[in-house]
Number of protein chains: 2
Amino acid sequence: MEEKLQLKSQVCFPIYSLSREIINRYRPFLDELDITYPQYLVLMVLWENEVQTVNQIGEKLNLDSGTLTPLLKRLEAKELIHRCRRRSDERVVEITLTEKAGSLKNKAVLVPEKVVKDIGLTIEDLEDLKRIVTKILNKTKKSLP
Amino acid sequence: MEEKLQLKSQVCFPIYSLSREIINRYRPFLDELDITYPQYLVLMVLWENEVQTVNQIGEKLNLDSGTLTPLLKRLEAKELIHRCRRRSDERVVEITLTEKAGSLKNKAVLVPEKVVKDIGLTIEDLEDLKRIVTKILNKTKKSLP
DNA sequence: CACAATTATATTGTGCACAATTTTATTTCC
DNA sequence: GGAAATAAAATTGTGCACAATATAATTGTG
């Protein structure tokens, strides 16, 4: 019993720890762009497809409206997005990028490689990590109720 | 540039995503014990060593007092820990487990394997994941300023 | 011994996450 | 066409994370 409860034998703790650690490494670079990591993720989703509903963004990031609504309002306050209800269905809020967000993209694209270099990760590290994490993420989705 | 900014080519997003996913899988089991995942981590640290200061807990979990102080007060309110200033140095708050926390341990020890089974992870998944995540965590620590 | 520097924790403020509930709009089905 | 069911966001409330600052005790130094 003792062994099972030791932090070092836990599976989730290293992942939880690494997730926070990497986000902390992103912080100084994202501070320069005046955005947070979750805001950066939302912008990435939008850079891939410039018009999306709150729901569509939420599905891609696994975040609900309770998280997204205030986050999107902050992005709107920074003038990086517009929030506008769809004329044909007023329940839906469509999110679009502003020009300011477009010009941010040039700087944003450089951030991940800066972080990787900063930490000192190799291509092998990244590929190993991504392969196993993606594999397990797929299992978590398949095993849903 | 397009490719670099796609969510699927990001390193951190899968880890951030997996971390939240696993914590969500822990939730139903931890709900039965009436604790959260971060509270569970603090208890694990204490089950390894029954008397520790706030600082010692923070070092093991990489959490600061801004996070730990309110969390520890909630654990105290649940009567799982005691908080007591050290007589010989009043700056230090020593955290000790209550008997109630001791009896929780028997149930807590079973949680991780339930989660692993629930998701459908194999021993190989776990070992692969832990090996690469730990390797990268070590790099992040070595590369600190 | 006094006082500056250090140490340990607490406080404050912002921003996620997520559950539960509410609001408003749209469909569906008699 | 109107009530019930459904759908999309928003709201509310709790609990982390983390930066910045404050508070209080201890230690080091002249």
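Chain identifiers are assigned alphabetically (A, B, ...) following the order of the sequence lines, protein sequences preceding nucleic acid strands; residue numbering begins at 1 within each chain. Quick caveat, the model's predicted, so the values are computed rather than measured.
- Counting non-hydrogen atoms under 4.0 angstrom, Ser65(A) reaches a base of the nucleic acid.
- The structure places CZ of Arg91(A) at 10.0 Å from CG of Asn55(A), a figure rounded to the nearest 0.5 Å.
- Two residues, Arg27(A) and Thr69(A), neighbour DNA chain D, and the one matched to the more 5' nucleotide by heavy-atom proximity is Thr69(A).
- Nucleotide dG15(C) has dC16(D) as its partner under the Watson-Crick or G-U criteria, with both atom distances under 3.5 Å.
- Counting any heavy atom pair closer than 4.0 Å across all strands shown, Ser19(A) reaches no nucleic acid atom.
- Every residue two or more places apart in sequence or in another chain that forms a side-chain contact (heavy atoms from CB on, under 4.5 Å) with Asp128(A) is listed here: Arg131(A), Ile132(B).
- A straight line from CZ of Arg20(B) to P of dA19(C) spans 11 Å, rounded to a whole angstrom.
- Here the straight-line distance linking atom CD of Gln52(A) with atom CD of Glu59(A) works out to 10.0 Å at 0.5 Å rounding.
- Gln39(B) contributes a side-chain N or O that, together with a main-chain N or O of Thr36(B), makes up a donor-acceptor pair within less than 3.5 Å.
- Between the base of dT7(C) and the side chain of Arg91(B) there is a donor-acceptor pair shorter than 3.5 Å.
- In this structure, Glu79(A) places its CD atom where only 12 or fewer heavy-atom neighbours from other residues, nucleotides or ligands lie under 6.0 Å away.
- The span of DNA chain D lying next to chain B, judged by atoms under 4.0 Å from heavy atoms, is bounded 5' to 3' by dG15(D) to dT26(D).
- Note on Thr67(B): a base of the nucleic acid sits closer than 4.0 angstrom, heavy atoms only.
- With DNA chain C read from its 5' end, the first of the two nearest nucleotides for Arg87(A) and Ile23(A) is the one closest to Ile23(A).
- Against DNA chain C, the stretch residues 71-85 of chain A makes heavy-atom approaches under 4.0 Å through Leu71(A), Arg74(A).
- Rounded to whole Å, atom P of dT27(C) lies 12 Å from atom CD of Glu90(A).
- Residue contacts shown for Asp31(A) are absent, as no nucleic acid heavy atom lies under 4.0 Å away.
- Judged by distance alone, the side chain of Lys78(A) and the main-chain N or O of Asp34(A) form a donor-acceptor pair under 3.5 Å.
- For Phe29(B), the ring-ring contact (aromatic ring centres under 6.0 Å, His included) criterion is met by no residue, not counting sequence neighbours.
- With sequence neighbours left out, Ser65(B) forms a side-chain contact (heavy atoms from CB on, under 4.5 Å) with Thr69(B).
- Residues satisfying the side-chain contact (heavy atoms from CB on, under 4.5 Å) criterion with Asn24(B), sequence neighbours excluded, are Arg27(B).
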